[in-house]
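Structure, as structure tokens:
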Amino acid sequence: MTPGRTLPRFRVVAAALFDREGRVLLADRPPGKHLAGCWEFPGGKRAPGEGARTALDRELAEELGIEVLSARPWASVSHDYPDRGIDLTLWLVEAWRGEPRPLDGQRLAWVSPRDLGGWAILEADQPFVRALGALAATSSGETTMTEPQTFDVRNPRTGEVDYRFTAPTSAELARTIAALRAQQPAWRDAGLDRRIEVMQRFRAALLARADEIAAALTVDTGRHLIEVGEVHAVAAAIDRWCRKVPDLGPLPDGRSEGLPSVEYGYQLVPYALVGAISPWNFPLILSFIDAVPALLAGCAVLLKPSEVTPRWIAPAQRALDAVPELAAVLAICPGGRETGETLVASVDVVCFTGSVRTGRLVAANAAAHFIPAFLELGGNDPAIITAGADIERATDAVLRASITASGQACQSLERVYVDRRIFAPFIERLTAKARAVDINWPDIHRGSVGPFIFAAQAQVVERQLADAVAKGATVLAGGTIERHGGAWLRPTVLVDVTHAMQVMTEETFGPVIPVMAYDSIEEAIALANDGIYGLSAAVMAGTLEEAEAIGRQLDVGAVSLNDCSLTAQMFEAEKNSFKQSGLGGSRMGAAGYLRFFRTKALLRQTGAPATVAMLAEENAAPASAAAHSR
């Protein structure tokens with residue numbers, strides 16, 4: 001290049017497309033093009049003002065005849081040729097429609113990433129060649145998910161399979177993970193203000209597709225009102241975190257007491273890649289409850305929603321694609337157990353919401369890979385109703401908290417202990433109110449109790465009810481699984497129950513309210529604390545002071561006082577799960593954000609460093625002198 005001459009620069013997009021054998025597609029440079037005879041990753045120049053993803057879609061349609069369905073930026077490089085400069089972004093194309101074929105006069109070749117070094121590939125593309133080769137080397141030991149897995153998905157209202165999806169293979173997931181890791185540093189370094197701006201754009205994109213996402217969630221869960229609320233709840237969570245995180249930073253600087261010349265400060269360093277595994281009961285809320293603060297912290301996020309409720313993913317992905325900066329660091333990968341296991345083995349920290357049984361497996365896998373795990377697991381939440389409680393308010397709160405989402409919520413009330421002096425009127429009012437509640441069948445827009453989302457859960461509840469009745473329980477309302485294609489259970493009130501019954505000691509996850517009388521508050525507290533769970537609880541009493549005195553004695557992470565299941569309605573109060581209901585930092589309060597950082601201490605010596613003279617043995621006082629001084 002002539003000194004002082006400015007090279008013309010071109011912005012270029014290129015695509016990494018992989019076939020089922022893990023080979024990547026190359027295209028040659030036909031005669032008449034710059035550097036003809038070399039091979040490159042398919043793509044081309046961006047037009048002035050054209051977005052990178054738009055250019056990618058256009059170029060691959062023109063060059064290969066395919067429609068890009070899903071893609072994410074992987075890596076960017078700048079390269080100077082003698083006559084021009086190239087600013088090149090390589091995109092990982094995760095899904096496309098059509099068969100790639102040469103439409104632009106070039107030849108195509110599928111090549112193993114390990115063999116790319118033997119091809120005459122453009123200089124500008126060489127960093128991608130090295131990255132793909134390194135990825136192939138790290139993925140060579142994979143033995144699971146080598147073939148794509150297709151999942152049949154049941155409709156909870158009809159009981160019929162009406163949806164299917166294919167999970168990514170291990171190789172495909174490895175490529176997605178590599179792309180997330182490659183993009184995370186830029187996301188981290190963009191700064192909090194920029195991340196807030198991007199997240200607010202995502203919030204707007206979700207709300208723009210609220211009807212579409214809610215419609216998919218409605219089919220996933222068989223209920224309507226809650227699903228409309230889920231979309232708006234996630235939007236509200238994004239807004240809430242965006243307002244709160246600017247005030248959540250490192251601890252203040254200080255000065256050492258033992259070394260007064262040393263000052264210290266802190267740096268919060270985000271985990272590069274967070275994995276989140278979410279359940280089927282609140283598919284959207286519980287997918288983003290960890291992802292939103294993690295993204296604001298500067299992490300990239302790999303999200304695996306439940307395979308039971310995947311229909312919402314496609315419209316949510318369309319909202320995500322409208323915000324390319326976020327799509328670069330957030331991947332939604334549906335799948336089953338194998339996908340989850342690969343996720344845990346590949347991330348830097350994992351968040352899991354689900355059962356104790358699966359949570360134990362996630363924890364063991366995380367421990368094997370030496371990463372922290374934040375686990376929000378099951379519950380068997382108790383409520384204590386004292387003699388001074390307002391019976392109308394208490395029965396209203398207990399009924400609502402027991403049957404919200406058909407009882408398919410970890411913080412649902414699952415057992416109730418009532419002072420014997422008010423037991424009879426309490427049961428009379430609770431039973432009357434429970435019998436008045438209808439299921440949302442046949443009209444999804446009428447009734448308050450939806451179907452069991454997961455068919456197997458209806459069998460769990462049915463087994464618990466049969467066990468209770470066999471051991472002497474009396475059913476006062478509900479009690480029978482209704483099958484209308486899907487499975488429903490009307491609010492079920494049980495009395496004559498004991499802790500010898502499964503319904504009192506195991507997680508039920510259904511609209512079942514077993515009620516037991518107690519004779520002293522000490523007995524009530526002992527019964528409430530009896531069991532392996534410690535998620536949350538409720539106390540309804542004559543005064544808040546009375547309720548709080550009892551609540552302070554319960555072995556749970558949160559207690560609702562003179563109400564029930566408040567943890568489902570507010571998120572500011574930090575809490576931990578007790579016993580087997582969870583592990584790790586709180587997802588509520590400031591900890592819900594700060595847990596996605598590691599704290600680095602910065603120790604500033606303002607004086608002269610100590611010399612080797614401090615190590616001389618002569619500095620030690622003789623033992624006899626030390627003893628004499630005492």
Hey, can you pull the donor-acceptor pairs under 3.5 Å for the side chains in residues 285-296, sequence neighbours left out?
residue: Ser287; atom: OG; partner: Ser278; partner atom: OG; Å: 2.8
residue: Ser287; atom: OG; partner: Pro283; partner atom: O; Å: 2.6
residue: Asp290; atom: OD1; partner: Arg595; partner atom: NH2; Å: 2.5
residue: Asp290; atom: OD2; partner: Arg587; partner atom: NH2; Å: 3.1

Worksheet entry | Gln457 (side chain) donor-acceptor with Thr508 (main chain) under 3.5 angstrom |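 Yes, the answer is positive, given that a donor and an acceptor are paired below the 3.5 Å cut-off.
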Worksheet entry | Side-chain (Arg157) to main-chain (Pro451) donor-acceptor, under 3.5 angstrom |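 Such a contact is absent between Arg157 side chain and Pro451 backbone.
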Worksheet item: With sequence neighbours left out, what residues match Lys244 under salt bridge (Lys or Arg N to Asp or Glu O under 4.0 Å)?
Response: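 Lys244 satisfies salt bridge (Lys or Arg N to Asp or Glu O under 4.0 Å) with no other residue.
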Item to complete: With sequence neighbours left out, write down each residue that passes salt bridge (Lys or Arg N to Asp or Glu O under 4.0 Å) with Glu392, or none if nothing qualifies.
Response: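 If we apply the salt bridge (Lys or Arg N to Asp or Glu O under 4.0 Å) test to Glu392, skipping adjacent residues, the hits are Arg429, Lys433.
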Discussion item. Can you list everything that forms a side-chain hydrogen bond (donor to acceptor under 3.5 Å, both in side chains) with Gln459? Sequence neighbours excluded, please.
Written reply: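 Checked Gln459 against side-chain hydrogen bond (donor to acceptor under 3.5 Å, both in side chains); zero matches.
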Worksheet entry | Side-chain donor-acceptor contact under 3.5 Å, Asn562 with Arg393 |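 Side-chain D/A pair, Asn562 to Arg393: absent.
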Worksheet item: Does a side chain donor of either Thr221 or Glu227 reach within less than 3.5 Å of an acceptor in the other side chain?
Response: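 Result is yes, a qualifying pair exists.
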Parallel, tilted or perpendicular: which one describes the rings of [X] and [Y], with boundaries at 30° and 60°?
{"X": "Tyr163", "Y": "Phe165", "value": "tilted"}
{"X": "Phe374", "Y": "Phe596", "value": "perpendicular"}
{"X": "His224", "Y": "His445", "value": "perpendicular"}

If you count heavy atoms of other groups shown closer than 6.0 angstrom to [atom1] of [X], is the number above 12?
{"X": "Glu482", "atom1": "CD", "answer": "yes"}
{"X": "Arg240", "atom1": "CZ", "answer": "yes"}
{"X": "Arg421", "atom1": "CZ", "answer": "no"}

Worksheet item: To the nearest 0.5 Å, how far apart are OG in Ser581 and CD1 in Ile532?
Response: 7.5 Å
Practice prompt. Would you mind listing every salt bridge (charged side-chain N to carboxylate O under 4.0 Å, His left out) that reaches into residues 302-315, with sequence neighbours excluded?
Written response: Asp162-Arg311, Asp220-Arg311, Lys304-Glu307
Fill in: Where at least one partner belongs to residues 345-355, residue pairs that pass salt bridge (charged side-chain N to carboxylate O under 4.0 Å, His left out), sequence neighbours excluded
Arg181-Asp348
